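Just so we're on the same page: letters track the sequence lines, and every chain starts at 1. All values reported here derive from a predicted model rather than from experimental measurement.
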Amino acid sequence: MAPRVLYWFRTDLRLHDSPALKAALDLDPEALYPVWTWDPHYVYHAKVGPNRWQFLLDCQSAISDGLSQLNSKSRLLVLRESPLTILPKLFKAWKISHLVFEKDTDSYARKRDEEVLAKSKEMGVECIVKYGRTLWDSDDIVGINGGPTMTTTQLQKAGQKLGPPPRPIPAPTSIPPPGDLSLKNVPQDKPGPRYFNADQNQTNRSSEDATYHAGLRGPKGDFSVPTMEELKMSAETPHRGGEKIALEILDKVVKDKKYTATFSKPETAPTDFQPASTCLLSPHMHFGSISCRKFYWDVLDVVEEWENSGREATEPPCSLTGQLFFRDMYFAAQAGIGTYYGQTLHNPKVRYIPWHLPSKHQPNPDDPRKSLSIKGTYYVDSEEAAEWFIRWREGRTGFPWIDAIMIQLKTEGWIHHLARHAVACFLTRGGCYIDWERGAEVFEEWLLDHEISCNAGNWQWLSCTAFFSQFMRIYSPITFPQKTDKEGNYVRHYIPQLKNFPEKYIYEPWKCPIADQRAAGCMIGKDYPKPMFDWKDRKEICIRGMKTAFEAGFHGNDVEVINGEARTILKGKLGDNVKGDIKLAGNPEFNNNQGKNRAETQPTVSKSVKLPTKRGQTTLDMFVRKKVKSEDERHS
DNA sequence: CAGCCGTTGAGTTT
DNA sequence: AAACTCAACGGCTG
């Protein structure tokens with residue numbers, strides 16, 4: 001009997017270079033059912049902003065059109081039900097012999113897929129799962145590395161052992177049609193109260209009409225891709241999804257041979273906009289509308305040509321291919337760490353820091369093996385930090401560089417990698433001292449390219465809790481953007497109130513004399529907020545906190561972290577080290593310095609905090625410490 | 001007074 | 001586990 005294949009689209013909304021799709025077509029099936037299941041986890045549990053919804057729907061429409069072009073009877077069949085319940089019903093109704101899909105190593109997806117595979121096996125449906133989302137199979141990388149990859153060197157070494165990533169597979173030129181599409185005696189399972197009562201995206205909807213229940217095949221009964229109107233959402237991003245758009249971007253990139261061969265990530269400007277300094281393929285990577293291996297080989301071919309003509313090309317980690325190595329590293333990190341990858345609690349690789357505003361994952365006092373996830377009302381350690389968090393999220397911290405980035409993030413869904421660094425550092429170890437998980441949640445909602453592996457990993461990196469540890473390297477919200485945008489054009493674009501502000505004060509407008517503020521038509525404290533704290537003081541306090549936490553060396557799976565003691569221990573130690581408390585913004589004197597001599601009104605906390613460190617002393621300290629360490633090693 | 005050199009402070013992807 | 005770089009500064013010297 002000729003195979004009847006259900007091809008389950010998930011992370012692979014493309015036709016080119018899809019190993020799973022190739023495997024499906026290699027079966028030479030008589031019928032191919034291209035299916036998307038509307039997973040309630042995504043619909044209700046995951047907080048997804050309108051911009052990303054639109055991008056997903058763009059990608060789905062594009063794949064549906066692409067399938068129709070290969071066979072007029074084919075299109076994407078969107079089914080509005082959890083895959084766990086609908087797939088078994090489809091196997092029966094459509095007499096499916098094979099289930100084929102691309103491997104997904106995200107923790108929640110893995111769990112879901114295990115259930116689907118078990119059920120399929122039970123029903124006698126043969127399953128084919130192919131990796132296709134990364135350069136190398138993340139599980140293979142973990143196996144060779146002997147655990148999660150925490151550096152790009154580890155990733156590259158493991159990758160070398162596996163050999164170069166496969167060359168891209170061309171898109172198919174024809175596909176079989178689906179067979180009978182009737183759904184006789186197939187009722188729709190509605191999601192249980194667990195999902196129904198937890199619509200995380202309600203605030204983004206203009207009305208509460210749930211479209212999920214519009215029948216298995218959607219409101220028109222034709223399996224069509226949902227629309228933004230149906231979701232009662234509207235998006236404002238200029239960035240749109242779809243395989244064709246993705247391939248056009250890549251094509252344009254590799255046609256500019258100099259750009260491709262000499263690309264150096266650290267030298268791209270986070271302040272560039274219209275156009276940005278990088279190619280914006282990350283959202284397409286996320287939805288699979290571009291293959292990372294096609295990107296890799298298209299770039300490498302240009303690099304080779306460039307080098308053959310005697311010119312020098314950039315290399316990983318700065319080069320374009322280097323960026324893909326970071327991506328694969330984060331994927332293999334999650335694949336190796338598992339369930340607790342996206343949080344500190346229970347995560348052995350993540351350092352514990354007693355942030356002023358902790359995450360929703362709290363230790364469960366009744367069951368130390370579990371965490372207590374607090375939704376809605378978070379535990380608030382510091383009212384002040386809670387306010388800082390809200391102001392950071394909404395882009396009204398009073399630091400124009402930070403605020404402009406957050407506004408671009410919310411409205412457009414994409415910000416430059418270094419801009420992500422700037423706001424992440426500012427929220428965590430370089431300003432607010434707020435848990436990185438809080439920030440990661442905001443990115444998760446608003447980023448078009450949100451990828452749990454890369455997002456959680458990058459937040460761990462920036463907060464110095466994993467991957468990176470040099471907590472004294474703090475981005476200045478004032479001088480960092482000045483390197484690439486002295487005039488402040490980026491800030492002026494995203495914060496129109498500051499459009500005519502004098503260049504000299506564009507990144508620190510609170511220092512601008514009143515008369516100049518009036519002339520620029522923007523009064524600080526009225527039209528644009530005063531800074532919510534003195535950044536230099538906050539920086540000192542943060543570094544002290546980080547130092548204390550690093551010395552104690554608690555990690556997410558340590559017993560003291562799980563039973564909640566680590567917090568008390570560290571706060572006790574911190575109290576000894578930090579003179580003066582963190583209440584700076586509450587000081588009415590603070591920043592009320594318009595037109596006055598600034599020195600008179602500045603808080604003086606940092607003066608008591610600062611320890612004079614002489615250069616020679618530091619070096620001596622280092623020497624002594626190293627010596628002591630080596631003696632310790634000899635004894636042990 | 002130019003030029004050298006040590007000090008100092010500020011800033012900081014991987 | 002408070003490093004390292006780099007530019008600016010200022011004192012000294014030929």
Within a radius of less than 6.0 Å around CD of A/E304, do more than 12 heavy atoms belonging to other residues, nucleotides or ligands occur?
no
Side chain of [X] - closest among [options]:
X      : options               : answer
A/I543 : B/dG11, B/dT14, C/dA2 : C/dA2
A/Q323 : B/dT14, C/dA1, C/dA2  : B/dT14
A/I474 : C/dA1, B/dT12, C/dA2  : B/dT12
A/K265 : C/dA1, B/dT14, B/dG11 : B/dT14
A/W461 : B/dT12, B/dT14, C/dA1 : B/dT14

Pi-cation contact, A/Y131 with A/R293 (under 6.0 Å, within 45°)
yes
Protein-nucleotide distance ([X], atom [atom1]; [N], atom [atom2]), rounded to Å:
X      : N      : atom1 : atom2 : result
A/F467 : B/dT14 : CZ    : P     : 15 Å
A/R429 : B/dT12 : CZ    : P     : 12 Å
A/K483 : B/dG11 : NZ    : P     : 11 Å
A/E508 : B/dG11 : CD    : C1'   : 14 Å
A/M472 : B/dG11 : CE    : C1'   : 13 Å
A/Q470 : B/dT12 : CD    : C1'   : 10 Å
A/R473 : C/dC6  : CZ    : C1'   : 14 Å
A/F471 : B/dG11 : CZ    : C1'   : 16 Å

Checking A/W461 side chain against A/H421 main chain: does a donor-acceptor pair fall under 3.5 Å?
no
Report yes or no: does A/Y341 contribute a side-chain atom to a donor-acceptor pair with the main-chain N or O of A/A333 at less than 3.5 Å?
no
Does the pair A/D301 and A/R167 meet the rule for a salt bridge (charged side-chain N to carboxylate O under 4.0 Å, His left out), with working shown?
CA-CA 11 Å; A/D301 288 346; A/R167 284 265 176 187; 3.0 Å; yes
A/F533-A/F426 aromatic ring centre distance below 6.0 Å:
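Yes, ring centres under 6.0 Å apart.
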What's [X] touching, base or sugar-phosphate or nothing? Going by heavy atoms closer than 4.0 Å.
X      : answer
A/L462 : nothing
A/S476 : sugar-phosphate
A/R420 : nothing
A/Y475 : sugar-phosphate

Using Watson-Crick or G-U wobble geometry with both distances under 3.5 Å, which nucleotide pairs with C/dA1?
none
Looking only at side-chain N and O atoms, does A/T479 come under 4.0 Å of OP1 or OP2 in B/dA10?
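No, no such contact exists.
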Using only side-chain N and O atoms of A/K547, determine if any of them is under 4.0 Å from OP1 or OP2 of C/dA2.
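Yes, such a contact exists.
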Nearest-Å distance once atom P is located in both C/dA1 and B/dG11:
26 Å
